[in-house]
Structure formats: C-alpha cells, structure tokens
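Working notes, structure below.
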Amino acid sequence: MPPTDTKNPDYFHRVVDCQWACPAHTDVPGYIRLIAQGKYTEAYMLNRESNVFPGILGRVCDRPCEPACRRGRVEEKPVAICRLKRVAADLADDYSAFLPKAPAQKNGKRVACIGAGPVSLTVANDLLPLGYEVVIFEGLEVPGGLMRSNIPSFRLPADVLDREIGDIVGMGADLRLGQRIESLRKLLGEGFDAIFVGTGAPHGKELKLAGRYDDPAHVHIGIAWLESVAFEHIKAIGEKVLIIGVGNTAMDCCRTSMRLGAKDVKVIARKPRQFFKASPWELEDAEEEHVDIVVNRSPKAFVSENGKLKGMLFDIMEYEFDARGRITAEKITGEEFMPADDIVLAIGQENAFPWIERDLDIEFDKWSVPVVDKVTFHSTRPGVFFGGDAAFGPKNIIWAVEQGHQAAISIHKYCQGEDLTDRLPDGMTLQSSKMGMHEWAYSNNYNSVERRLVPQVGLKERFRKLNIEVELGYTPEQFTAEVERCLNCDIQTVFIEKLCIECDACIDICPTDCLTMTAPGTEADLRTRLTAPAKNNDEPLYVSGPLPQTQRVMVKDEDLCVHCGLCAERCPTAAWDMQEFNLLRPHAIDQVTPPARRDRKFGT
C-alpha cells in the first residue's frame, strides 16, 4: 500500500466524518468549538459560509452529518450537531455587518431565478456580491418555497424564515412576489443573461384506487394540504384521520392534523419500520404526540357511502427477508377496514413543468424531468440552469443549498464566457494546535456525558395554537455539556516519518489501539495485522512512508482514532502533531478571488 497522500484535501476531509457527510460541507467541529468559546456570532457566520440558513437548518435539517458522527462509533448517540447549529443562530448578536455585500457598481449581467425557495435564494446569495442583478420570481405572496408552505410553523417559525431570507433579499435581489412564470419562452425574451429554475417538486403524487373521487373534499394531497393550512385556507379536519405514506411529509401531516382537531390519527405504512423514509426523530416526535403508526398495510380502496367518505380498505401484507434484511417475497394475508373522516396522501412528490414549452431545445427524460448535468446544473439549452428538487427530485434543504452554490459557479462562468467545467478544486489549510508541552488549542479530554435532550413544550400546551414551536432549544447548561461531546475530528493527527525514532510511545499510550508499526503490505493484508484489526473498510487507513530505522511503516486506522492528541503529547521527537484542518470549498466568489488568497473571517 503506497504512502497516504495527505496533500489531497479529500483525505483529511473524509476523516471529518460529519463535514464529509454534509452536502454543503459545513465546518461542524469549527462552529461547535466557537460555541464552546461563547463566540455565537462567529459560529453563526462560519455556518453561513456553507449552509446559508443556519437558523432554518438548525431546526429542520435532515442531519446527514449525525449518522456519520464519530461519536456514534464510540457510544450509541452522535453529537447533536443540528441543534447546536440552532444555538449559534438563536444566540448570535447582530451579524448584519458581516454579511456579504453587493457592490454599488454592477457587472451588467442579469439573472432570473424562478422560485424563491432555498436553491434560488442560495444562487442569489452567491451572485449578488459579484455584481449581478438577480430577479427572483415567486408565484406565492411570500418567499421561501416549500420551506414556507410545507414545513409547519410549529417546527419552523415564520420569523426565522423571514430573517434569513431577508438577509439575502436585503443584498439587493429584485424579489417579485405573486408573479408565477407561465411561459419560459416569454421569459427568455426578456433579455436575461441566464435563467435558473428552482421551482421545487410542487406536485404531490396521487393514489388512483377505487373510490378515490367519491368524496374528493375529504381526500387531500399532502403537500397541497399543508400549503392550504400554512396560508389558513384550511383550519380544521375530521376527528379520524388516515395519513397514507411514511416520509417526513407524512410526519408533518399527521402532527398538523392533531393541531387542527383530530383525535385519532394513524400513519399507514406498506412496509415494516426499517424501510421508512421518515427520519427517526420525526417518527419519535409523531409518536410522542400519540400518532399511531401502522405497518404492513397496503391501500386497496377508498370507502364511501352516499358520497360520504367512511374510511379505507387495506390489504394486510406479510414479507420474507434475506440475511441482509432485504425483502425477497411478499404476500397478502387478509383485509382490514379503517374508518376515517379525512385521508391525506403523502406518498411522494414530483416535478411539474407545464410552463416550459417543449420546443425550446430543453431535453426532458421519460419522466418529464429536464436533463441536467450533475456537476454544472446546466440544461441542454445554453443559459438555462436547474437545481434543487426541480432538477433531481425531492431532497432536504441542505442539498438544495449545495446545489445552489454549484449552480451559481456555473452561471457566473457562463455569463463570463468561461468553461463551465473548469472549476477550482477543493483546497485546505493545516495549522498546528499546539500551545505548550501538553496543551492544545482545543478541548481534547474525552467527556463521557450522554447526549442532551432538547426541551420541548408540553403536550397540552403545544396543541393550543398551530404556530407554537415545539422545541425550545438547548439551555446554556445543556449546550455547554453537548459541545464537549464533539471529538474535534478536524484536528488531524499529522505524522512526519523522518522524525520518528520508533520508540513505540505513541502506540503504548493510544487508548483505542489505532496505531501500528509494521512491515509494508497491501491494504487487505495490513488490515488483518494491525494492533486492532481494521474491519470497517469504509474508513481509510493512514500509511506513512518508510520509517528511518527499520523501513517499517506507521499505520493508523482512522475508524478508531478519537483525536485525543495523546500520541502527539507522548512523542519525544514531535513526529506527531495535532493540526487543525480547514477545507477550502470554492463558491462563486472564489472564481474571482480564490480562497487561498482570501482572509478567513470566521474560524478557530
């Protein structure tokens, strides 16, 4: 196995599991350390460099970072990364002076963004400081897209949305509310240098079964129903409600139903719980509010009498599984009728582009979805870009943000006549964290405290109004404890083989047996003869060059390392050092002023 190329930013980036898993590559350990230091404004702005909406995502992010968190390999539960993001947002002082600013002198280029959801807002956020005139067209009377219309206010308060959207629009975007684009052909004739389509996946999927339209007033499409509730067109629902589907939209529908007067709410899933699309915490919140989740029931027919909905008929399903837990066979074992006053269909969302004429050289696939380059977000028509759910189907907000960053790079390059594929690579910086003989610029003591639970409004109180935010956020005592659970994975163990005297001191002191000095070999061979066999092939091995005394190699299993720094403390020759890794992830502004030449305002 050749020596590890630590000059490639991907190596150390991958070691920072949370940042690697985050679509926007947020510097998670960096902002957690800033919170620990009481620097909440700095923590917020460090967040904002990558994810644009810290207050919003601190409440409703799907948290791909948390399952990846190294703490989850040490004990059961990861660091509460998402809720610590909210701490920074809630406690930050006035940060307006630190926000990007649009220059007074524009660059003469006009960009249209269709839809005022997270992906279009991110595009605007990145292009406005470069002097672009950005016009955002939104069909609704308020901006935010599905963040506004489909995420209930008891999870995401309107004032949080207003503030962070206002930070972007306040840079000078021309936000045109209530202006739904009905024809792309017409918009193309208005002289824009580029057009970005960020209209989301606005149509909920139908369930065309017998009896579907016998009482259509009491059978609802989930995302349309949530929008009607958000804008107060619907203020009540029947006492018995069935929610068909078990994704995050279904969780919002069932919890909203409880607040509109429902007494008996059931979420119906066709498959067992391990196949649910909803996030585990969404399921927990729903069940805490006494929502029943029923598995292995497949919808068969809507049941009505004299035009009045009575309920739904289901096939009872039974499944067989292989050794990996995959379904290998299914069968129907019976039927079950469930009564209902209302039924909400939350079985998925899909794109809809009736306003895009099909003779504009924009290619669509067999599902009527535009063909879009996954790197540049460029469609088959020059100057027309797509991103977010409109490009690749429904995903969480954080995916839309990262796609907005990448689309903004492409739009900038297109408008400047540059090659869209000629993009800056990721960069990095490494800086020693050593402050003294046994002192580091980070808290390296392992803290065994368990994950803190976020306080919530009591069940009785939360149902009094639709907009009472359920989660109260961490108290100072709680987040002070929670930040200490972070293992600081961005503080990298950097090894200089020429300084090593092969004394074994680092191996002796390592609490996780992640270090080994051994003869060179293939990766498969090395994994079997380490101090602790490396069984997780998804995590890399660090392999040094030949050591000066014996030509052996130092091997480190990144899966086991907890970044405690004891190897560097113990090493008598400073062959080991703990160095802070900063990922330099290029955005649109970096195409003008590369990150290596920009001062880092917010960091640790």
Side-chain angles (χ1 to χ4, degrees), residues 21 23 60-69 72-73 76-78 82 146 150-151 155 201 203-209 220-223 225-226 241-257 265-302 312-338 340 343-351 367 389 392-399 536 538:
V60 300
C61 188
D62 208 33
R63 316 180 200 176
C65 53
E66 292 191 15
C69 175
R73 301 204 290 273
E76 182 181 358
K77 294 185 177 181
C82 181
L146 296 184
N150 279 186
I151 301 179
R155 290 182 57 215
H203 282 198
K205 292 184 178 179
E206 262 290 359
L207 190 58
K208 295 180 180 180
L209 297 175
H220 316 278
I221 302 297
I223 63 171
W225 181 76
L226 286 171
V241 179
L242 298 179
I243 311 294
I244 311 302
V246 72
N248 287 340
T249 297
M251 297 302 103
D252 287 336
C253 289
C254 69
R255 296 180 69 193
T256 298
S257 297
V265 179
K266 290 182 172 65
V267 173
I268 311 299
R270 190 181 190 276
K271 295 179 181 179
R273 194 175 184 112
Q274 63 266 33
F275 296 95
F276 288 5
K277 292 184 178 180
S279 304
W281 47 88
E282 298 269 17
L283 294 166
E284 292 170 6
D285 288 343
E287 289 179 317
E288 183 184 358
E289 295 181 357
H290 306 303
V291 171
D292 292 328
I293 298 177
V294 183
V295 301
N296 298 352
R297 299 295 188 274
S298 179
K300 187 173 185 179
F302 297 87
M312 197 164 198
L313 187 64
F314 297 89
D315 285 329
I316 301 174
M317 307 299 297
E318 187 175 289
Y319 300 93
E320 294 179 9
F321 308 91
D322 64 14
R324 295 184 178 181
R326 297 175 298 186
I327 294 174
T328 57
E330 62 179 52
K331 63 180 179 180
I332 298 171
T333 61
E335 288 184 346
E336 181 178 1
F337 171 77
M338 295 185 190
I343 296 174
V344 181
L345 306 178
I347 56 175
Q349 297 164 231
E350 54 192 4
N351 311 74
W367 295 284
D389 295 355
F392 303 114
K395 287 189 176 181
N396 191 259
I397 297 168
I398 191 65
W399 286 95
N536 185 357
D538 292 332

Keeping D322 on the side-chain end and G325 on the backbone end, is there a donor-acceptor pair under 3.5 Å?
yes
Which residues pass the side-chain hydrogen bond (donor to acceptor under 3.5 Å, both in side chains) test with [X], not counting sequence neighbours?
X	result
D292	none
R63	none
E287	R273
R324	none

Just jot down the side chain to side chain contact (heavy atoms under 4.5 Å, CB included) partners of [X], sequence neighbours excluded, or say none.
X	value
D315	S298, K300, M317, I332, E335
H203	E350, A352
A278	N248, M251, L283
I223	N150, T249, Q349

With sequence neighbours excluded, residues passing salt bridge (charged side-chain N to carboxylate O under 4.0 Å, His left out) with [X]:
X	result
R155	D252, E282
K331	E318
R270	E330

With sequence neighbours left out, what residues match F276 under ring pair (Phe, Tyr, Trp, His ring centres under 6.0 Å)?
none
Report the C-alpha separation of F314 and M338 in whole Å, then their side-chain angles, then the decisive distance to 0.1 Å, and conclude whether the side chain to side chain contact (heavy atoms under 4.5 Å, CB included) test is met.
CA-CA 8 Å; F314 297 89; M338 295 185 190; 3.9 Å; yes
Do the ring planes of F275 and F321 sit parallel (below 30°), tilted (30 to 60°) or perpendicular (above 60°)?
parallel
Closest heavy-atom pair and its distance - K271, N296:
C-OD1, 3.5 Å
